[in-house]
Amino acid sequence: MIEKSSDSGINWAKVDAHIIQPEEYEELPEWTEDMITAADVYEHGELIRSGRPANPGRTVSSIMIFDAERVAALPA
């Protein structure tokens, strides 16, 4: 959790103690299909990631150096 700074000028104790009243719910936007699609999904407290899964194999970066004669022999 992020430490609440006391030099922000905000009374965090008052903010934390506030209980939302029924009339304040009218200020909250109704969820749209786009908002639901973009929302994070959790299962058993763990974030479920969408999209392409992580590569299960380990990748290795390498550099290969060829002399000019071998490069010239490669098809264009």
Side-chain angles (χ1 to χ4, degrees):
M1 186 171 171
I2 298 174
E3 183 71 30
K4 293 180 182 171
S5 174
S6 60
D7 63 352
S8 66
I10 297 173
N11 183 344
W12 289 111
K14 184 177 179 181
V15 172
D16 289 340
H18 178 72
I19 298 172
I20 297 176
Q21 301 301 311
E23 60 272 10
E24 292 177 289
Y25 283 106
E26 295 172 9
E27 300 172 7
L28 301 173
E30 186 170 328
W31 278 64
T32 64
E33 198 64 38
D34 291 336
M35 293 165 77
I36 293 169
T37 302
D40 290 336
V41 177
Y42 288 85
E43 272 186 25
H44 308 292
E46 186 173 327
L47 176 63
I48 304 301
R49 303 230 177 247
S50 61
R52 184 177 173 180
N55 184 355
R58 184 174 164 91
T59 59
V60 178
S61 177
S62 65
I63 297 174
M64 296 178 74
I65 300 173
F66 298 99
D67 59 42
E69 182 180 316
R70 292 185 193 273
V71 173
L74 293 172

Spatial distance of atom OG1 (Thr37) from atom CE (Met35) [nearest 0.5 Å]: 11.0 Å
Transitive ILVMFWY side-chain link Val15 to Ile19, under 4.5 Å: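 Per the 4.5 Å side-chain linkage, Val15 and Ile19 are not co-clustered.
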Determine whether more than 12 heavy atoms belonging to other residues, nucleotides or ligands lie under 6.0 Å from atom [atom1] of [X].
X	atom1	value
Glu69	CD	no
Glu24	CD	yes
Glu23	CD	yes

